[in-house]
Peer 1: 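Please read through the structure below; I'll follow up with questions.
Owing to the predicted nature of the structure, the values given are computational and were not obtained by experimental measurement. Just the heavy atoms: all of them, side chains too, but no hydrogens, waters or symmetry mates, feed the values below.
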Amino acid sequence: MDEALVIRDARPSDAMGIAKVHVATWQSTYPGLVPDAYLANLSEAAAAMRWHNAVQAHGPGQGALVVVDGADSVVGFATYGGRRIPVEGYEGEFYALYLLDEAQGQGLGRRLMATMAERLQEGGKRTAVVWCLRENPARWFYERLGGVRVAERPIRFAGAELVEIAYGWRDLAPLARLSAGPEMR
């Protein structure tokens, strides 16, 4: 993996790169957790169309970030904004955070979470949650960053009955302080 990894705001031109990471990470992370047929039918082209529109929808306290290598290729992304699913006492939400396998283990997930926490604070949000599948082994990442399990809900996804759990941060300031690393561009 290129050592010149940088976190920056996502642009519409990043949509295909985000889609590639989205499909690759779902296919490597979720086998056995979500139906195999769903994973097999993921389409980079369809995801790119969704991401093209999604990265344009940002403002104070909401947006999308990408991790790019020296060639400006997307190797990870994260999205955040206002809370979508009611959890009392929480204003913001970390919607997604995905890194290609080869970009993991370098502190990028921590830096993405910290940057999102900073951005949520800039938008006036002092608290936030993240939802993840209860069986997702990556959920421990959120606990290591100070997230506390605050809610659980059953969901129906791609014909399967699953359970999501929410991790919450009652104060985003300590999480935001973890952002040490190369400057954003």
Peer 1: Determine whether Ser73 and Val68 make a side-chain contact, defined as any pair of heavy atoms from C-beta on separated by less than 4.5 Å.
Peer 2: no

Peer 1: Is the shortest side-chain N to carboxylate O distance from Arg126 to Glu91 below 4.0 Å?
Peer 2: no

Peer 1: Are Glu143 and Tyr167 close enough that a side-chain donor and a side-chain acceptor fall under 3.5 Å?
Peer 2: yes

Peer 1: For a 4.5 angstrom cut-off between non-hydrogen side-chain atoms, does Leu145 reach Arg110?
Peer 2: yes

Peer 1: Indicate yes or no: at least one non-hydrogen side-chain atom of Met116 is less than 4.5 angstrom from one of Met113.
Peer 2: yes

Peer 1: Could you walk me through whether Arg153 and Val163 pass the side-chain contact (heavy atoms from CB on, under 4.5 Å) test, one step at a time?
Peer 2: CA-CA 6 Å; Arg153 70 185 189 124; Val163 176; over 6 Å; no

Peer 1: Can you confirm whether Leu5 sits close enough to Val75 that some side-chain heavy atom of one is under 4.5 Å from a side-chain heavy atom of the other?
Peer 2: yes

Peer 1: Answer yes or no: is there a side-chain heavy-atom contact under 4.5 Å between Arg119 and Leu65?
Peer 2: yes

Peer 1: Give a yes or no on whether the backbone of Gly89 and the side-chain of Thr127 come within a donor-acceptor separation of less than 3.5 Å.
Peer 2: yes

Peer 1: Run Thr79 and Trp51 through side-chain contact (heavy atoms from CB on, under 4.5 Å) and show every step you take.
Peer 2: CA-CA 11 Å; Thr79 59; Trp51 283 111; 3.5 Å; yes

Peer 1: For Phe157 together with Tyr38, are the ring centres under 6.0 Å from each other?
Peer 2: yes

Peer 1: Any donor-acceptor pair under 3.5 Å linking the side chain of Arg134 with the backbone of Leu162?
Peer 2: no

Peer 1: Going by heavy atoms in the side chains, are Phe94 and Leu175 under 4.5 Å from each other?
Peer 2: yes

Peer 1: Among Val67, Val21, Ile7, which residue meets the side-chain contact (heavy atoms from CB on, under 4.5 Å) test with Phe77?
Peer 2: Val21

Peer 1: Do Tyr95 and Trp131 pass the ring pair (Phe, Tyr, Trp, His ring centres under 6.0 Å) test, and can you show the C-alpha distance, the side-chain angles, and the key distance before you say yes or no?
Peer 2: CA-CA 7 Å; Tyr95 302 145; Trp131 288 92; over 10 Å; no

Peer 1: Main chain of Thr25, side chain of Ser28: is a donor-acceptor contact present, judged purely on distance under 3.5 Å?
Peer 2: yes

Peer 1: Less than 4.5 Å apart, side chain to side chain, heavy atoms only: is that true for Cys132 and Ile165?
Peer 2: yes

Peer 1: Does Arg8 come within less than 4.0 Å of Asp14, counting only side-chain N to carboxylate O?
Peer 2: yes

Peer 1: Answer with yes or no whether the side chains of Trp26 and Tyr98 bring together a donor and an acceptor at under 3.5 Å.
Peer 2: yes

Peer 1: Run the numbers on Leu42 and Gln27 for side-chain contact (heavy atoms from CB on, under 4.5 Å), then give the verdict.
Peer 2: CA-CA 8 Å; Leu42 288 173; Gln27 289 176 337; 4.2 Å; yes

Peer 1: Does this structure show an ion pair linking Lys125 with Glu122, if we count only N-O contacts that are shorter than 4.0 Å?
Peer 2: no

Peer 1: Run the ring-centre check on Trp169 versus Tyr90 and record whether the distance is less than 6.0 Å.
Peer 2: no

Peer 1: Check Glu161 with Arg156, please: is the shortest side-chain N to carboxylate O separation under 4.0 Å?
Peer 2: yes

Peer 1: In Å and rounded to the nearest 0.5 Å, what is the CD to CE distance from Glu44 to Met16?
Peer 2: 6.5 Å

Peer 1: Salt bridge between Arg83 and Glu93, side-chain N to carboxylate O under 4.0 Å?
Peer 2: no

Peer 1: Step by step, work out the side-chain contact (heavy atoms from CB on, under 4.5 Å) result for Val55 and Arg11.
Peer 2: CA-CA 6 Å; Val55 299; Arg11 306 171 185 142; 5.9 Å; no

Peer 1: Do Gln104 side-chain atoms and Leu99 backbone N/O form a donor-acceptor pair below 3.5 Å?
Peer 2: yes

